[in-house]
Amino acid sequence: MRLQSHRMRQPTGPVNSGRTLTRGLEILFAVIDAGRPVSVTELSAGTGLHKATVSRMLATLAELDYVSVDPRTGLYLPGSRVVSRLRTSQLESLLQAYAMPIMTELRDESSETVGLYVPVWPDRVCIAEVASRLGLRRTHAPGETWPLTVGATGLVYLAHMPDDELDRLVKVRPLRGITAAQLRERVAEVRRSGVAISRTATHIPGMLGMAAAILSSDGRPVAMLTVSGPMERWNPEVMARFAPRLRDAVSRLSRLLGYEDGRVRGRKR
């Protein structure tokens, strides 16, 4: 896809801060409109800005979570503060169209809330929810953002990542309520089973959840499906019994996205 220029009319007067803002917005809009991971070189060509200027602006935008960078490729994507407000990407629309009927099935069978998250490194953003019909329930509001190092939903993403990427993520989003050694043990478990199950309420008091990853044709996680509810009824034992059903659901969705392996499991690293 060819990047369109987002050159803006420069302000007049004392313009140092205004020019900086204008350049930052040019680059941010170019990242959003690219519709795919994009390089510094492409952004420089598309905006007419020098590569050094683009790199400097991207660093600032990344610190503020307006853009994110894929640590494997060095390519840039919209960050969590942007993605949480944009619900029109083609992949997200496709995921929701495929996932909503299956999410409804999971809600009806579990009686708990089902959420759909996409990774926006180093965070994850909720793009869809099928809420429990019970009075006391977990809610996943579209646009809700959590670090990828938090909860079962983040854990199942980590289990599909190489260890070096996991290490980079932990440096950016520190762990909560778990040590690095414990994280390694949990990741190994999820890589064997393909499902992450919460044992303690690490980020929402009284709520536990389980999650599994939806994989693209190249085997990378493009979304995470989670089922969660109050720990009084949605406890680790109940979730373990429900795990085969969740594995089947993400396998069906992964096949729709071109993943050929019939059964989704974690990766060995």
Side-chain angles (χ1 to χ4, degrees), residues 95-96 98-119 123-134 136-142 144-161 166 175-178 182-215 221-254 259 263-267:
L95 278 170
Q96 290 184 59
Y98 285 155
M100 289 301 285
I102 293 176
M103 293 170 65
T104 301
E105 291 175 11
L106 292 175
R107 188 275 311 276
D108 292 345
E109 293 174 22
S110 67
S111 297
E112 304 300 343
T113 297
V114 181
L116 180 65
Y117 285 78
V118 293
D123 299 313
R124 53 183 169 92
V125 179
C126 179
I127 64 170
E129 175 203 59
V130 177
S132 169
R133 294 192 177 97
L134 301 177
L136 181 61
R137 62 191 178 192
R138 164 76 160 100
T139 59
H140 303 275
E144 173 184 293
T145 303
W146 292 96
L148 281 167
T149 50
V150 170
T153 312
L155 182 63
V156 80
Y157 175 85
L158 298 180
H160 287 275
M161 292 294 99
L166 190 156
L175 301 174
R176 300 183 189 177
I178 187 173
Q182 290 171 329
L183 176 67
R184 293 289 186 190
E185 292 177 2
R186 296 295 313 280
V187 164
E189 291 175 7
V190 177
R191 285 175 176 169
R192 289 191 294 268
S193 69
V195 176
I197 294 176
S198 297
R199 297 169 180 167
T200 57
T202 57
H203 58 295
I204 299 181
M207 298 289 172
L208 296 180
M210 63 189 304
I214 301 168
L215 307 181
V222 295
M224 293 81 75
L225 206 57
T226 180
V227 185
S228 51
M231 58 196 312
E232 289 81 2
R233 61 174 186 258
W234 194 241
N235 55 54
E237 292 74 21
V238 173
M239 287 187 279
R241 292 195 295 270
F242 198 74
R245 182 67 186 88
L246 182 58
R247 274 196 298 267
D248 176 69
V250 295
S251 290
R252 289 162 59 192
L253 290 168
S254 298
Y259 184 68
R263 188 173 186 183
V264 171
R265 286 198 178 274
R267 291 182 173 185

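The backbone N or O of T200 sits nowhere less than 3.5 Å from a side-chain atom of S198 that would complete a donor-acceptor pair. Side-chain atoms of R176 never come within 3.5 Å of backbone atoms of T149 as a donor-acceptor pair (strictly under, hydrogens ignored). A donor-acceptor pair under 3.5 Å is formed between the side chain of E129 and the backbone N or O of H140. Without hydrogens or angle criteria, T226 side chain to A211 main chain gives no donor-acceptor distance under 3.5 Å. R191 places a side-chain N or O within 3.5 Å of a backbone atom of A159 that can act as its donor or acceptor partner.
Contact detail for A152 and A196: the closest heavy-atom pair is O-CB, 3.4 Å. Heavy-atom minimum distance, R245 versus E105: NH2-OE1, 2.8 Å. Residues A243 and V195 approach most closely at O-CG2, 4.1 Å, considering heavy atoms. Among all heavy-atom pairs drawn from G206 and E232, the shortest one is O-OE1, 4.3 Å. Nearest heavy atom pair, residue P221 against residue P119, reads O-CG, 3.8 Å. Between A212 and G194, the closest heavy-atom pair is CB-O, 3.7 Å.
We find the CD-CZ distance between E112 and R233 to be 4.0 Å, quoted to the nearest 0.5 Å. I197 contributes atom CD1, which lies 9.5 Å from atom CD of E237 (distance to the nearest 0.5 angstrom). The structure places CE of M210 at 10.5 Å from OG1 of T153, a figure rounded to the nearest 0.5 Å. Taking CE of M103 as the reference point, atom OG1 of T113 lies at 9.5 Å (rounded to 0.5 Å). Here the straight-line distance linking atom CG of L225 with atom CG of L246 works out to 6.0 Å at 0.5 Å rounding. How far CZ of R252 is from CD1 of I102: 4.0 Å, rounded to the nearest 0.5 Å.
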Given side-chain contact (heavy atoms from CB on, under 4.5 Å), test Y117 with W146 step by step and report yes or no.
CA-CA 10 Å; Y117 285 78; W146 292 96; 4.3 Å; yes

Go through I127 and Q96 one step at a time and tell me if the side-chain contact (heavy atoms from CB on, under 4.5 Å) criterion holds.
CA-CA 8 Å; I127 64 170; Q96 290 184 59; 4.1 Å; yes

Applying side-chain contact (heavy atoms from CB on, under 4.5 Å) to L134 and S111, what does each step give before you reach the verdict?
CA-CA 7 Å; L134 301 177; S111 297; 4.2 Å; yes

Carefully, step by step, assess V227 and M239 under the rule side-chain contact (heavy atoms from CB on, under 4.5 Å).
CA-CA 9 Å; V227 185; M239 287 187 279; over 6 Å; no

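Ion pairing between R199 and E189 holds under the 4.0 Å rule for side-chain N and carboxylate O. No salt bridge links E144 with R124; every basic N to acidic carboxylate O contact stays at or beyond 4.0 Å.
Side-chain contact between L215 and H160: present, with at least one pair of heavy atoms (C-beta onward) separated by less than 4.5 Å. Between L155 and L183 the shortest side-chain heavy-atom distance falls below 4.5 Å. Residues V222 and V118 fail the side-chain proximity criterion, which asks for heavy atoms closer than 4.5 Å. Side-chain contact between R138 and P230: absent, with no pair of heavy atoms (C-beta onward) separated by less than 4.5 Å. Proximity of L95 to M100: side-chain heavy atoms (C-beta onward) are nowhere separated by under 4.5 Å. Residues R184 and L166 are in side-chain contact: their nearest non-hydrogen atoms beyond the backbone lie under 4.5 Å apart.
Evaluation of the ring pair (Phe, Tyr, Trp, His ring centres under 6.0 Å) rule for F242 yields W234 as partners, not counting sequence neighbours.
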